[in-house]
Amino acid sequence: MDDKVNQWLRLYRNEARRRHAAAVADTAQELATAHGVDPIKAHTAGILHDLARDINTEELVQRATQWSIKVGHWEKMNPVVLHAPVGAAMANRELGVQDEEILAAISAHTLGVPGMSLLSKVLYLADVIEPGRSFPGLDDIRVLARKNLNGALLAAMDSSITYLLDRRRVIHPQTLEARNSVLISIQLEEEMF
């Protein structure tokens, strides 16, 4: 496995991206262990999650179109969000990763999706809280992530949305749908107790 991990890390075009991918993988593995998710799958998803992050936006759109990945109005406004589904397709097509749960987690790690699997939640959060990140409120999300996956996910999504609102930037509707899905899950859990 270590040879494969090192081989995959070499696919990243710069050292900073390699360090980030390794940190996300380690964080995802730790969160997975804490929340009863397969830690090997989490580590693999973490290593591969940003495979397409350094691809220029023109090529991202080209690959997405070629591989029948939706390139709608919102993606055209901010093509960098395509790096997640294009990265999942690259992992499948170019590296032979066939685990649908891993591919779905990679595809959802930037915008989220409604009804995320536990692995997808772990990867999304690992990308937000890995040790190289720094933003106001991050320490609280890190603490919460080890105790309450949905609570931490909601806090991370709220932080991202607030960041975009403060800068008057477009918010992809998929992010809002994912955030609302998490909030509804939390409310349903609370009603059960």
Side-chain angles (χ1 to χ4, degrees), residues 1-55 59-60 63-64 66-70 80-133 138 141-142 144-153 156-157 160 174-175 178 181-182 185:
M1 183 69 180
D2 286 343
D3 286 344
K4 186 180 272 187
V5 166
N6 288 329
Q7 180 184 2
W8 287 344
L9 281 173
R10 282 194 291 272
L11 295 173
Y12 288 99
R13 297 179 181 187
N14 68 61
E15 180 57 30
R17 193 75 61 205
R18 278 190 287 278
R19 282 195 307 270
H20 170 67
V24 170
D26 290 345
T27 304
Q29 185 171 349
E30 176 193 339
L31 288 177
T33 301
H35 295 288
V37 178
D38 184 329
I40 303 300
K41 283 187 177 188
H43 194 267
T44 300
I47 287 291
L48 299 176
H49 82 285
D50 264 349
L51 274 178
R53 185 63 181 87
D54 293 326
I55 294 175
E59 187 179 344
L60 277 176
R63 284 190 186 213
Q66 178 184 0
W67 294 337
S68 301
I69 295 168
K70 179 185 172 193
V80 73
V81 300
L82 289 169
H83 84 270
V86 169
M90 286 174 65
N92 177 254
R93 292 169 177 269
E94 298 176 9
L95 303 178
V97 175
Q98 296 183 354
D99 187 304
E100 293 295 329
E101 192 178 19
I102 291 173
L103 297 174
I106 294 169
S107 185
H109 85 270
T110 300
L111 299 176
V113 292
M116 293 168 77
S117 71
L118 287 176
L119 180 63
S120 291
K121 291 175 182 179
V122 161
L123 180 60
Y124 185 100
L125 274 173
D127 191 29
V128 171
I129 69 169
E130 63 96 344
R133 299 281 196 195
L138 177 58
I141 296 172
R142 284 180 172 139
L144 193 56
R146 279 135 182 106
K147 298 185 294 191
N148 180 337
L149 201 58
N150 279 338
L153 190 60
M157 289 177 166
S160 174
Q174 186 175 315
T175 296
S181 174
V182 174
S185 292

[X]: what forms a side chain to side chain contact (heavy atoms under 4.5 Å, CB included) with it, not counting sequence neighbours?
X: Ala16; result: Asn14, Arg19
X: Gln66; result: none
X: Ser107; result: Pro85, Ala88
X: Ala42; result: Ala28, Ala32, Leu119, Val122

Show the nearest heavy-atom pair for residues [X] and [Y], with the distance to one decimal.
X: Pro131; Y: Thr27; value: CD-OG1, 3.5 Å
X: Ala105; Y: Ser120; value: CA-OG, 3.3 Å
X: Val86; Y: Ala52; value: CG1-CB, 3.9 Å
X: Val113; Y: Ala178; value: N-CB, 3.4 Å
X: Tyr124; Y: His109; value: CD1-O, 3.3 Å
X: Ile129; Y: Ala145; value: CD1-CB, 3.9 Å

Can you name the residues that form a salt bridge (charged side-chain N to carboxylate O under 4.0 Å, His left out) with Arg63, not counting sequence neighbours? Glu59, Glu94
Can you name the salt bridge (charged side-chain N to carboxylate O under 4.0 Å, His left out) partners of Arg146, sequence neighbours left out? Glu30
Residue pair [X] / [Y], side-chain heavy-atom distance below 4.5 Å:
X: Leu11; Y: Met90; value: no
X: His49; Y: Thr110; value: no
X: Leu149; Y: Leu118; value: yes
X: Ile47; Y: Val24; value: no
X: Val97; Y: Trp8; value: yes
X: Leu82; Y: Ile55; value: no

Stepwise side-chain contact (heavy atoms from CB on, under 4.5 Å) test for Leu138 and Arg133: CA-CA 8 Å; Leu138 177 58; Arg133 299 281 196 195; 3.8 Å; yes
At what distance, to the nearest 0.5 angstrom, does [atom1] of [X] lie from [atom2] of [Y]?
X: Ile102; Y: His43; atom1: CD1; atom2: NE2; value: 11.5 Å
X: Asp127; Y: Asp50; atom1: CG; atom2: CG; value: 6.0 Å
X: Thr44; Y: Ile106; atom1: OG1; atom2: CD1; value: 8.5 Å

Verify, without hydrogens or angle tests, whether [X] (side chain) and [Y] (backbone) share a donor-acceptor contact under 3.5 angstrom.
X: Arg53; Y: His83; answer: no
X: Asn150; Y: Val182; answer: no
X: Gln174; Y: Gly112; answer: yes
X: Ser160; Y: Ala156; answer: no

Not counting sequence neighbours, which residues clear side-chain hydrogen bond (donor to acceptor under 3.5 Å, both in side chains) with [X]? List them please.
X: Gln98; answer: none
X: Glu101; answer: Lys41
X: Asp38; answer: none
X: Glu130; answer: His20

Pairs satisfying salt bridge (Lys or Arg N to Asp or Glu O under 4.0 Å), at least one member in residues 116-125, at least two apart: none
